[in-house]
Enquirer: 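Got a structure for you, written out below as structure tokens; questions coming shortly.
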There are 2 protein chains.
Amino acid sequence: MLRRADVVDGAIALLDDEGLDGLTTRKLGAALNVQGPALYRHFPSKEALLDAMADRLLEPVAAPLPDGPWDEKLALLAGRLRSALLAHRDGARVVAGTYVTGPNTRLVENTILKTLQAAGHPADRAGWAAFAISYYVLGHSIEEQAQARLSATGDWTSRKRALIQHPDPDYAHTALTKVFDADPAERFDYGIRLLLKGIRHELHHATPKTTSHRPPENRAQ
Amino acid sequence: MLRRADVVDGAIALLDDEGLDGLTTRKLGAALNVQGPALYRHFPSKEALLDAMADRLLEPVAAPLPDGPWDEKLALLAGRLRSALLAHRDGARVVAGTYVTGPNTRLVENTILKTLQAAGHPADRAGWAAFAISYYVLGHSIEEQAQARLSATGDWTSRKRALIQHPDPDYAHTALTKVFDADPAERFDYGIRLLLKGIRHELHHATPKTTSHRPPENRAQ
DNA sequence: ACCTGAACACCGTTCAAGT
DNA sequence: ACCTGAACACCGTTCAAGT
């Protein structure tokens, strides 16, 4: 007798074996000793299953944070979020695809918000800053896994070369080489700390009346 | 007689009509008055076509930037990048999926790097900061379009409610409401400026010997 | 050289029928 | 109540054959 949680667990295991493109209802059924259509007893669609998987992936991030300064807590949480997304093959794509609203997602977002507000951020700014952090983590993780996917097929080294050995003479050759040589975790951490530094600076030197960061060039559709 | 550029143009037009999931070789063939397999004269696989589409989407971003302070230039470029990703349905997903190395992608990355280096950043930090900017933009745009996709199917309002009306009493209710009420372009701009503020601060107050931002909690696989 | 037609090995999903 | 078997309407891709 198949339980809902077993389906999600099996789906994540299959994700690791086959990747997102190889995750099909037929293969998942087989892995669970059941026919494909049996999954529709537990999920109305494959997309609903992916939603459940996404929230499941964030479970480890929901663990309580140790006490400490707000920025260290957020750096830690961001690192955990990245680790959770990278812990399973194509995990970042699974989470990015679905606008998740599961319990773990809410808890994580809530933690970021409360940490920022406890540090003294007004509610509106805290909300925007919290989302900025999430987006950076998501973007970084997606690209790390895109790179991993290319490495698997052997396309990675050729693309890296294409990027680095650009004919343009004043191309920032050194910078790119350093980017690709670096430990991705360290690179990730550097970016998060840039963001946190910006938040800290805003917190201390805020001119409270000013909403005047100038509007962007154009508002997209 | 079908030209390669026509295929890419047709594919982007079809993307707008049908979305990424509806972009199939058969439909694209039909739109170009050709059978599906004819596309394989120009692209070895659908993935190769998506790569070409991704770089094509970034074409408008490659336009020259007006002179100005480095941070204003980068804010402008980031806004353009976001606009380009949002200009076509599922554009962010198309770009995120492929680790693009086309000419426009290289030019955009190159511009960010040179702008940072011209502002006085050492090469390695400039590289990391440049990627941090890209990742934030990508993550933000993906989530904006995920939201757009849910809005189309009517799932959005229910999910928004799920996020905001959380039973948890100390849930950051106000912050979340403000996030969802805000103009996405303004929210985006706020995050970019946090990042730029962090970069500027690093530039001015850097203790040049220190590589000592502490290592992250765990290095993911 | 460029494209078609048919085929192969798949998909997600529906639904009557079985137990 | 839970699952199967068969079917429907699709996919990406290959490849001989046409023009």
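In this text, all values refer to a predicted model and were calculated from it rather than measured experimentally. In what follows, every chain begins at residue 1, and chains take the letters A, B, ... in the order their sequences are listed.
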Enquirer: Does the plane of the ring in A:Tyr135 sit parallel, tilted or perpendicular to the ring in B:Tyr136? Use 30° and 60° as the thresholds.
Expert: tilted

Enquirer: Could B:Arg159 and A:Asp51 be called an ion pair, given the rule that one side-chain N must be under 4.0 Å from one carboxylate O?
Expert: yes

Enquirer: Whole Å only: how far is the CZ atom of A:Arg3 from the P atom of D:dC3?
Expert: 12 Å

Enquirer: Judged by atom type as modelled, is there a donor-acceptor pair below 3.5 Å linking the side chain of B:Asp16 to the main-chain atoms of B:His88?
Expert: no

Enquirer: Does a side-chain N-to-carboxylate-O contact under 4.0 Å join A:Asp9 and A:Arg56?
Expert: yes

Enquirer: Is it true that B:Asp6 and B:Arg3 have a side-chain N and a carboxylate O under 4.0 angstrom from each other?
Expert: yes

Enquirer: Can you give the dot-bracket line for DNA chain D, using ( ) for pairs inside the strand, [ ] for pairs that cross earlier ones, | for pairs with another strand and . for unpaired bases, where Watson-Crick and G-U count if both distances are under 3.5 Å?
Expert: ||.|||||...|||||.||

Enquirer: For the pair made of CD in A:Glu18 and P in C:dC10, what is the distance, rounded to whole Å?
Expert: 11 Å

Enquirer: Among residues 27-35 of chain A, which residues get a heavy atom nearer than 4.0 Å to DNA chain C?
Expert: A:Lys27

Enquirer: What do you reckon, are the aromatic ring centroids of B:Phe180 and B:Trp156 less than 6.0 Å apart?
Expert: yes

Enquirer: Can you confirm whether A:Tyr190 sits close enough to A:Glu186 that some side-chain heavy atom of one is under 4.5 Å from a side-chain heavy atom of the other?
Expert: no

Enquirer: Are B:Arg187 and B:Asp183 close enough for a salt bridge, meaning some N to O gap below 4.0 Å?
Expert: no

Enquirer: Go through the side-chain N and O atoms of A:Glu109 and A:Ser134 and say whether any donor and acceptor fall under 3.5 Å apart.
Expert: yes

Enquirer: Each nucleotide N or O in nucleotides 12-16 of chain D that has a protein N or O under 3.5 Å away: list the pair and distance.
Expert:
unit_1: D:dG12; atom_1: OP1; unit_2: B:Lys46; atom_2: NZ; d: 2.9
unit_1: D:dG12; atom_1: OP2; unit_2: B:Thr25; atom_2: N; d: 2.9
unit_1: D:dG12; atom_1: OP2; unit_2: B:Thr25; atom_2: OG1; d: 2.8
unit_1: D:dG12; atom_1: N7; unit_2: B:Arg26; atom_2: NH1; d: 2.8
unit_1: D:dG12; atom_1: O6; unit_2: B:Arg26; atom_2: NH2; d: 3.0
unit_1: D:dT13; atom_1: OP2; unit_2: B:Tyr40; atom_2: OH; d: 2.3
unit_1: D:dT13; atom_1: OP2; unit_2: B:Lys46; atom_2: N; d: 2.9
unit_1: D:dT13; atom_1: O5'; unit_2: B:Tyr40; atom_2: OH; d: 3.0

Enquirer: When rounded to the nearest Å, what value does the distance between P atoms of C:dA9 and D:dA9 take?
Expert: 22 Å

Enquirer: Starting at atom CZ of A:Arg4, determine the distance to atom P of D:dA1, rounded to an integer number of angstrom.
Expert: 19 Å

Enquirer: Atom CG of B:Asp21 and atom C1' of D:dC10: how far apart are they, to the nearest Å?
Expert: 13 Å

Enquirer: Taking 4.0 angstrom as the limit, do B:Glu18 and B:Arg89 come out as a salt bridge?
Expert: no

Enquirer: Using the side chain to side chain contact (heavy atoms under 4.5 Å, CB included) definition, which of the options B:Asp21, B:Leu50, B:Leu15 pairs with B:Arg93?
Expert: B:Asp21

